[in-house]
Structure formats: structure tokens, C-alpha cells
Participant: 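Here you go, one structure.
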Amino acid sequence: MLLCGTVLRTLVQSSVSSAMASTSGSIAATAQRTLRGVVFDMDGTLTVPTIDFASMYRRVLGDDHPRIVSGSPIDILHEIAEWSPEKQVHAYAIIAEYEKQALERLQIMPGAHEVCKLLDSKQIRRGLITRNVKESVDLFHSRFELQEFSPALSREFKPYKPSAAPLLHICNTWGASPSEVLMVGDSAKDDIACGTRAGAITCLLDENDRYEVSQLPEEQRPDFKVRTLFEINSLLESCFRLEPLF
């Protein structure tokens, strides 16, 4: 973990006094790293999660699927990748049904406008990687009046997260080193692993303290952990030198 990130998590989770916050700020300043871009996950990060994944997995895989029975983590896209074309068509139709329902309830995550405003004011690039479809990304851009994330990679870009490929593609497009890019997402196994594999800095959005970082596999352990997007602004201003790419 970065020193600055450790200090910030302590401030966020323990609500320490302002005096300690001032002290930590001086510590953080010594640990600042150059940051030239931020890449966000969409569902559960920039937008409020609305898909009932448990129900969707049961309909796609069946109640007797070993991972359903055991309660093990499921990567639905990888699960169906080796199926026959006919079975895949049926599976994707079910997934599309759930995603369409989610689009009707689409809400922006609190703090998303604020962090985008800060990044735009500093001319820091921002991109997006989602395992959702392009239609969802287009609706997100049009509904919430944000300057578009660019590149914005949807499920049509393969391989999916947690492969490093989509993040490396964005870094190459920007002409940025992955070590100067921050990956932000709510999934340790997809977003954080993607960032780690690419060599990027990582930040886990964990609203409900679902994750105990020390218990995660090495590639899923984030450099930073926050509970809200509002805290990203404090992280950016305290722990990084924000330097635009031209």
C-alpha cells in the first residue's frame, strides 16, 4: 500500500481529528506521485448498482450449477464463453433483459459529477471500462450531462476485465504510462485485478465495507480504498501531482 493511501484510509474510516488530518497532509505530500489519467468502472462505480446479479446468474446458469450451489464467485461472461453459439445466444438474451431493466432505473453515483469536475478543471484525462454494453455507456453519457469519458470501452471490447488489455489500450491511446494512471472500481476481482495486471495505481470503491483488503489475493489488493466517490477528490489532491497529458 502507498503511504499516502494508508493515511487517507485511516482518516476516512476512523474520523480522526482535524489536527491529525493536517499532520497526515504533510506526510502525504512527501509521497505524491504523478497522475495523468483516471479510468473508472461504470456499474457500481459511476452509476448506482441496480442489477440483481444473483437472480440473473440463476437464470443463465441454472439452480444446480456448481457455483450457484456452493455460493462461489461467478464471472458470468467467462462462464458462458465456451458454450455453443446457440446456448450463448440464449444466455446473452437473458443478460440483455436484466441490463435493459437496469437502464430504466439508471442513476448516477453521488460524487461522480464532483470528481469529473475536478479532473476536467485540471485537464486530467478520464476513461471508462465496463463489462456492460455500449448502449448503456451511450445512455450514461447522454442522461447525466457529463463530458464523455474517452476512451469508453464496453463489453464489445475484448478481452474483458480483469484482463489488463482494456486498460493498456486506454493508456496507449492517451500516450500515458500505466504507472501514472489510476483505476477506480467497486470490484476487487475485476477492476483492481485489471489495474494491477496493467501496472496502474488502483482504488477500490467499497461503500459497505465488503472487502477486507488484507484477505484479498495479491493482485486484488488496491493501493487505496474509499467508501464514496466524494473521497476520490481528497485522494487526488492529497496524494498526487496532477499533470495533464498534451
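Please read these numbers as outputs of a predicted model, since none were measured by experiment.
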Participant: Charged N to carboxylate O under 4.0 angstrom, Lys225 versus Asp209?
Facilitator: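 Salt bridge: yes.
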Participant: What are the two closest heavy atoms between Pro178 and Ala198, and how far apart are they?
Facilitator: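 Scanning both residues, the minimum pair turns out to be CB-O, 3.2 Å.
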Participant: What closest approach, in Å, do Asp186 and Asp191 show between heavy atoms, and which atom pair accounts for it?
Facilitator: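 Smallest interatomic distance, heavy atoms only, reads N-OD2, 3.1 Å.
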Participant: Out of Leu236, Leu182, Val38, which residue meets the side-chain contact (heavy atoms from CB on, under 4.5 Å) rule with Cys203?
Facilitator: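 Per the side-chain contact (heavy atoms from CB on, under 4.5 Å) rule, the option paired with Cys203 is Leu182, out of Leu236, Leu182, Val38.
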Participant: Should we count CD of Glu156 as having more than 12 external heavy atoms under 6.0 Å?
Facilitator: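 Atom CD in Glu156 is packed in, count exceeds 12.
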Participant: Would you say the side-chain atoms of Glu180 pair up with the backbone N or O of Ala176, donor to acceptor, closer than 3.5 Å?
Facilitator: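 A pair under 3.5 Å: no.
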Participant: Indicate if Met183 and Ile232 have the same hydrophobic cluster label, given that clusters are the connected sets of ILVMFWY residues with side-chain heavy-atom separations under 4.5 angstrom.
Facilitator: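 Per the 4.5 Å side-chain linkage, Met183 and Ile232 are not co-clustered.
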Participant: Please work out whether the ring planes of His78 and Tyr160 are parallel, tilted or perpendicular, with thresholds of 30° and 60°.
Facilitator: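 His78 and Tyr160: perpendicular rings.
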Participant: Heavy-atom distance under 4.5 Å between the side chains of Glu97 and Arg59, does that happen here?
Facilitator: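 The answer is yes, as the side chains (C-beta and beyond) meet within the 4.5 Å cut-off.
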Participant: Once you round to the nearest 0.5 Å, how far does CG of Leu106 lie from OG of Ser136?
Facilitator: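 The distance works out to 7.5 Å.
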Participant: Answer yes or no: is there a donor N or O on one side and an acceptor on the other, between the side chain of Thr34 and the main chain of Arg241, under 3.5 Å?
Facilitator: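 The answer is no, because no donor-acceptor pair under 3.5 Å joins these two groups.
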Participant: Side chains of Thr228 and Pro110, heavy atoms from C-beta outward: is any pair under 4.5 Å?
Facilitator: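 When only atoms from C-beta onward are counted, Pro110 and Thr228 do not touch, as no gap falls below 4.5 Å.
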Participant: Heavy-atom count check: over 12 atoms from other residues, nucleotides or ligands less than 6.0 Å from Glu243 CD?
Facilitator: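 Yes, CD of Glu243 has more than 12 neighbouring heavy atoms, counting only those of other groups under 6.0 Å.
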Participant: Crowded around Glu145 CD? As in, over 12 foreign heavy atoms under 6.0 Å?
Facilitator: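 Counting other residues, nucleotides and ligands, CD of Glu145 stays at 12 neighbours or fewer.
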Participant: Is there a path from Met56 to Val133 through hydrophobic residues (I, L, V, M, F, W, Y) whose side chains come within less than 4.5 Å of each other?
Facilitator: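 No, Met56 and Val133 fall in different hydrophobic clusters.
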Participant: Once you measure the plane-to-plane angle for Phe157 and His169, does it fall in the parallel (<30°), tilted (30-60°) or perpendicular (>60°) bin?
Facilitator: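 Rings of Phe157 and His169: tilted, as their planes differ by 30° to 60°.
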Participant: Should Arg221 and Glu218 count as an ion pair when the cut-off is N to O under 4.0 Å?
Facilitator: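 A salt bridge links Arg221 with Glu218.
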Participant: Look at the side-chain heavy atoms of Ile, Leu, Val, Met, Phe, Trp and Tyr, link any pair under 4.5 Å apart, and say whether Phe149 and Leu118 land in one connected group.
Facilitator: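 Same cluster.
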Participant: Please report the interatomic distance NZ(Lys158) to CG(Leu77), rounded to the nearest 0.5 Å.
Facilitator: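 So the NZ of Lys158 and the CG of Leu77 are separated by 8.5 Å.
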Participant: Starting from Met42, can I reach Ile170 by hopping between I/L/V/M/F/W/Y residues whose side chains sit under 4.5 Å apart?
Facilitator: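 No, Ile170 and Met42 fall in different hydrophobic clusters.
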Participant: In Å, rounded to the nearest 0.5 Å, how long is the span from CD1 of Ile124 to CG of Leu245?
Facilitator: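 Between atom CD1 of Ile124 and atom CG of Leu245 there are 7.5 Å.
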Participant: Salt bridge check: are Asp41 and Arg131 linked by an N-O gap of less than 4.0 Å?
Facilitator: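 Salt bridge: no.
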Participant: Does any part of the side chain of Leu61, heavy atoms only, come nearer than 4.5 Å to the side chain of Arg67, both counted from C-beta?
Facilitator: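 With C-beta onward as the side chain, the pair stays apart.
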Participant: At what distance, to the nearest 0.5 angstrom, does CG of Leu153 lie from CG of Leu128?
Facilitator: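 Result: 8.0 Å between the selected atoms.
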Participant: Rounded to the nearest 0.5 Å, how far does CD of Gln147 lie from CG of Leu119?
Facilitator: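 The CG atom of Leu119 sits 10.5 Å away from the CD atom of Gln147.
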Participant: Locate the shortest heavy-atom distance separating Cys194 from Leu167; write the atom from each residue and the value.
Facilitator: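 So the minimum-distance heavy-atom pair works out to SG-CB, 3.8 Å.
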Participant: Decide whether Val115 and Phe240 are clustered together by the hydrophobic rule: side chain heavy atoms of Ile, Leu, Val, Met, Phe, Trp, Tyr closer than 4.5 Å, transitively.
Facilitator: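 Hydrophobic grouping puts Val115 with Phe240.
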Participant: Working to the nearest 0.5 angstrom, can you tell me the gap between Arg143 CZ and Gln107 CD?
Facilitator: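 With rounding to 0.5 Å, CZ (Arg143) is 9.5 Å from CD (Gln107).
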